[in-house]
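Written out below as structure tokens is the structure these notes cover.
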Amino acid sequence: MSCMFFIPFNFYFVHMGNWMIYDIGFTAGDMGLVEGISLLFAVLVTIPFIKLINGDKIPIVTSIAVATNAAGLLLISTLIKDSGCVDTGNLFAVKNLPLFLCVFLIGTGYVLIMQTGMIWVRGLFPEKNKGQFEGVRIVFFTLIPMFVGTLAGNAIIKGTPQDQALRDVYGNPIDVPQENLFLYAGVMVLLTFIPLFFAWREYDRRIRAKRVGEG
């Protein structure tokens, strides 16, 4: 389930800054503020969910995370198509609120899935062998998503028509991320609900068995 979520995460995450700078037209400083402020609020919003996580409601929080992340990605691909959709001269203009909202939703989903995913999978590790299984977690949280997601993201960018006027210092054309990258990522994030359905069923079965044992 986490692997399915983090593959599309690697579609867009490493390219979001370049998208805001080279396609939308923000400065590097303003781009950093958009991401920083949005993610800060995302972290604060996720704190109350700790009660649900501790109350054996991890699958519910995970479903909220997936839906929120996908909503942010789909909205950003719809609302922010070019520099005309934002105010690059005044970062805190009302016109930029949709961008802040979208990045906030994306960040909220990411932070929540990190919380629930790690707690969920670590709860399945054998008590005496947690260290040995940590490497297995990294394979599905990081290795496979980074390998597959990065290749897929680069393929999407290179397969998208580019502005030939954009050149690097050596005169070579620059492949700039477009908003369709977020659209593809948002659609794939929604596919996370498929493995989540089966994982949720197994989680409920394990929790019921645990409560019967404690009773």
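Here the structure is a predicted model, which is why all the values come from computation and not from measurement.
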Chi angles and distances behind the side chain to side chain donor-acceptor pair (under 3.5 Å) call for T62, T116: CA-CA 6 Å; T62 303; T116 57; 3.2 Å; yes
So, does [X] use its side chain to make a donor-acceptor pair with the main chain of [Y] at under 3.5 Å?
{"X": "T192", "Y": "V189", "value": "yes"}
{"X": "S38", "Y": "E35", "value": "no"}
{"X": "N96", "Y": "L99", "value": "no"}
{"X": "N154", "Y": "T150", "value": "yes"}
{"X": "T68", "Y": "A65", "value": "no"}
{"X": "N69", "Y": "I106", "value": "yes"}

[atom1]-[atom2] distance between [X] and [Y], expressed to the nearest 0.5 angstrom:
{"X": "R206", "Y": "D56", "atom1": "CZ", "atom2": "CG", "answer": "8.5 Å"}
{"X": "M1", "Y": "F197", "atom1": "CE", "atom2": "CZ", "answer": "14.5 Å"}
{"X": "W120", "Y": "I113", "atom1": "CH2", "atom2": "CD1", "answer": "8.5 Å"}
{"X": "D204", "Y": "I58", "atom1": "CG", "atom2": "CD1", "answer": "11.0 Å"}

Is it the case that atom [atom1] in [X] sees more than 12 heavy atoms from other parts of the structure closer than 6.0 Å?
{"X": "F140", "atom1": "CZ", "answer": "no"}
{"X": "F125", "atom1": "CZ", "answer": "yes"}
{"X": "K57", "atom1": "NZ", "answer": "no"}

Find out whether [X] and [Y] are in side-chain contact, i.e. whether some heavy atom of one side chain is under 4.5 Å from a heavy atom of the other.
{"X": "I60", "Y": "W200", "answer": "yes"}
{"X": "I207", "Y": "R211", "answer": "yes"}
{"X": "I64", "Y": "F49", "answer": "yes"}
{"X": "Q178", "Y": "I157", "answer": "no"}
{"X": "V86", "Y": "I80", "answer": "yes"}
{"X": "Q115", "Y": "V61", "answer": "no"}
{"X": "F6", "Y": "M114", "answer": "yes"}
{"X": "M4", "Y": "I194", "answer": "no"}

Heavy-atom pair with the smallest gap, counting every atom of [X] and [Y]:
{"X": "L183", "Y": "S77", "answer": "N-CB, 3.6 Å"}
{"X": "L191", "Y": "P195", "answer": "O-CD, 3.2 Å"}
{"X": "L190", "Y": "A70", "answer": "CD2-CB, 3.5 Å"}
{"X": "P98", "Y": "L79", "answer": "CB-CD1, 4.2 Å"}
{"X": "F11", "Y": "A152", "answer": "CE1-CB, 3.3 Å"}
{"X": "S2", "Y": "G117", "answer": "OG-CA, 4.2 Å"}

Do [X] and [Y] sit in one hydrophobic cluster, given that two such residues count as connected whenever their side-chain heavy atoms are within less than 4.5 Å of each other, even indirectly?
{"X": "F92", "Y": "I24", "result": "yes"}
{"X": "F100", "Y": "L40", "result": "no"}
{"X": "I138", "Y": "V136", "result": "no"}
{"X": "V45", "Y": "I50", "result": "no"}
{"X": "M146", "Y": "M188", "result": "no"}

Within 45° cone and under 6.0 Å: R137 NZ/CZ vs F141 ring: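 Cation-pi check for R137 and F141: passes.
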Y12 and I156: CA distance, side-chain angles, deciding distance, side chain to side chain contact (heavy atoms under 4.5 Å, CB included) verdict: CA-CA 10 Å; Y12 66 87; I156 293 170; over 6 Å; no
Positive for side-chain contact (heavy atoms from CB on, under 4.5 Å) with M31, one of I21, N18, L91: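 Going through the options one by one, the only one that passes is I21.
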Near-ring test Y110/F9, centroid separation under 6.0 angstrom: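 Yes; Y110 has its ring centre under 6.0 Å from that of F9.
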S63 vs L196, side chain to side chain contact (heavy atoms under 4.5 Å, CB included): CA-CA, chis, key distance, verdict: CA-CA 8 Å; S63 63; L196 175 58; 3.9 Å; yes
Full working for side chain to side chain contact (heavy atoms under 4.5 Å, CB included) between W19 and F182: CA-CA 10 Å; W19 170 72; F182 303 104; 3.5 Å; yes
Check against side chain to side chain contact (heavy atoms under 4.5 Å, CB included), N90 and K95: CA-CA 9 Å; N90 180 12; K95 196 174 183 180; over 6 Å; no
